[in-house]
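Numbering starts at 1 and runs along the sequence shown.
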Amino acid sequence: MHKILFICYGNICRSPMALMIFKDIIKREQKENLFFCDSCATSYEEIGNDIYPPVKKKLEEKKIPFSNHQAKIFQEEDYHQFDFIIVMEKSNKEELLRLVEDKEKKIHLLLEYTKEVRDIEDPWYTRDFEKAYQDIYAGCVGLYQYLMGNHHGKMENTK
C-alpha cells in the first residue's frame, strides 16, 4: 500500500484539493485499496478550518467529490507513517526539513511528477483557482502514473 501525505501552507486550499483529486483518480481507476492518503499544513494559521469555499466551488465545478475536512499540522511522526510526502512548493519542503531529516528522500514537490517542475502558486493569494486546479490535477495524474509504474501513461491529463 502506498501512503501519501499532501502538504501545503494552511491545508485549506492546495493540499486538500490534491487529496480530493488523487482520491478521485484512484477511485476511477479502481485502485483505492492500494492507497492511503491524507493532507496537512506547515502552518498553524488554519488549524481546524474546513476547505476554503472557492476551492470547494472549483471541485464541485470539476465534479470532484470532497468530504468534510479539518486542517491539521504536520507532525514529526507523519514522516514515519507515510511513504510519500508531497508538497506544493519549495517553502513547504524547507519548513518540513526544519522538523525532520529527509533521510529516506520522501519529500517531493507535486510537480516533480510532471514535465514542468515548479511550485504550485497559492490560490489564496493569486485568486487563480483554475490554474491551481490544473497544476494539481496534472501533478496527481503524474504521481499516480509514477506509482503504478506507468511513467508515460495514457491516462487523460485534463478534467
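Counting heavy atoms from C-beta on, the side chains of Val55 and Ile12 never come closer than 4.5 Å. In this structure the side chain of Asp50 reaches within 4.5 angstrom of the side chain of Lys56, judged on heavy atoms. You'll find the side chain of His69 reaches within 4.5 Å of the side chain of Asn11, heavy atoms only. For the pair Gln70/Asn68, no side-chain contact is recorded, criterion being any heavy-atom separation below 4.5 Å from C-beta on. Contact of the Tyr144 side chain with the Lys31 side chain is registered, since non-hydrogen atoms from C-beta on lie closer than 4.5 Å. Side-chain contact between Ser67 and Met20 is present, with heavy atoms from C-beta onward closer than 4.5 Å. Using a 4.5 Å heavy-atom threshold, the side chains of Glu29 and Met148 count as separate. Counting only heavy atoms from C-beta outward, the side chains of Asp38 and Asp78 never approach each other to under 4.5 Å.
Taking CD of Glu45 as the reference point, atom CD1 of Ile47 lies at 9.5 Å (rounded to 0.5 Å). For the atom pair CG (Leu110) and NE2 (His108), the distance works out to 11.5 Å, reported to the nearest 0.5 Å. Taking OH of Tyr113 as the start and CD1 of Ile86 as the end, the distance is 4.0 Å to the nearest 0.5 Å. With rounding to the nearest 0.5 angstrom, the SG atom of Cys8 is 8.0 Å from the CD1 atom of Ile136. Taking CG of Asn92 as the reference point, atom CD1 of Ile85 lies at 12.0 Å (rounded to 0.5 Å).
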Given Lys131 and Asp135, is the salt bridge (charged side-chain N to carboxylate O under 4.0 Å, His left out) satisfied, shown in steps? CA-CA 6 Å; Lys131 183 174 186 338; Asp135 286 348; 3.3 Å; yes

Could you walk me through whether Leu59 and Met17 satisfy the side chain to side chain contact (heavy atoms under 4.5 Å, CB included) test, starting with their C-alpha distance in whole Å, then the side-chain angles of each, then the deciding distance to 0.1 Å, before giving a yes or no? CA-CA 7 Å; Leu59 291 170; Met17 187 184 290; 3.9 Å; yes

Can you check side chain to side chain contact (heavy atoms under 4.5 Å, CB included) on Phe74 and Val87, steps first, answer last? CA-CA 11 Å; Phe74 177 84; Val87 298; over 6 Å; no

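For the residue pair Tyr9 and Glu95, no side-chain donor N or O sits within less than 3.5 Å of a side-chain acceptor on the partner.
Not counting sequence neighbours, the partners of Thr126 by the side-chain contact (heavy atoms from CB on, under 4.5 Å) test are Glu121, Pro123, Asp128. Glu61 meets the salt bridge (Lys or Arg N to Asp or Glu O under 4.0 Å) test with Lys58; sequence neighbours excluded. Glu116 pairs by the salt bridge (Lys or Arg N to Asp or Glu O under 4.0 Å) definition with Arg118, not counting sequence neighbours. For Tyr79, there are no ring-ring contact (aromatic ring centres under 6.0 Å, His included) partners at least two apart in sequence or on another chain. When the salt bridge (Lys or Arg N to Asp or Glu O under 4.0 Å) test is applied to Asp119, no partner is found at least two apart in sequence or on another chain. Residues that satisfy the salt bridge (Lys or Arg N to Asp or Glu O under 4.0 Å) test with Arg127, not counting sequence neighbours, are absent from this structure.
Checking each of Phe84, Phe35, Phe66 against Phe22 for a ring pair (Phe, Tyr, Trp, His ring centres under 6.0 Å) leaves exactly one that passes, namely Phe35.
For Glu77, the CD atom is densely surrounded, since the number of other residues' heavy atoms within 6.0 Å is greater than 12. Few gaps surround CD on Glu32; more than 12 heavy atoms of other groups in view lie less than 6.0 Å from it.
Taken together through direct or relayed side-chain contacts under 4.5 Å among Ile, Leu, Val, Met, Phe, Trp and Tyr, Ile7 and Tyr125 form parts of separate hydrophobic clusters. Both Leu34 and Leu147 are assigned to one and the same hydrophobic cluster, defined by single-linkage of ILVMFWY side chains at heavy-atom distances under 4.5 Å. Note on Leu96 and Leu143: separate hydrophobic clusters, where clusters join Ile, Leu, Val, Met, Phe, Trp and Tyr whose side-chain heavy atoms are under 4.5 Å apart, directly or indirectly. If you chain together hydrophobic residues whose side chains sit under 4.5 Å apart, Tyr146 and Ile4 fall into the same group. Under the 4.5 Å side-chain heavy-atom criterion for grouping Ile, Leu, Val, Met, Phe, Trp and Tyr, Met88 is not connected to Val100 through any hydrophobic cluster.
Salt bridge status for Asp24 with Lys62: absent, with no side-chain N to carboxylate O gap under 4.0 Å.
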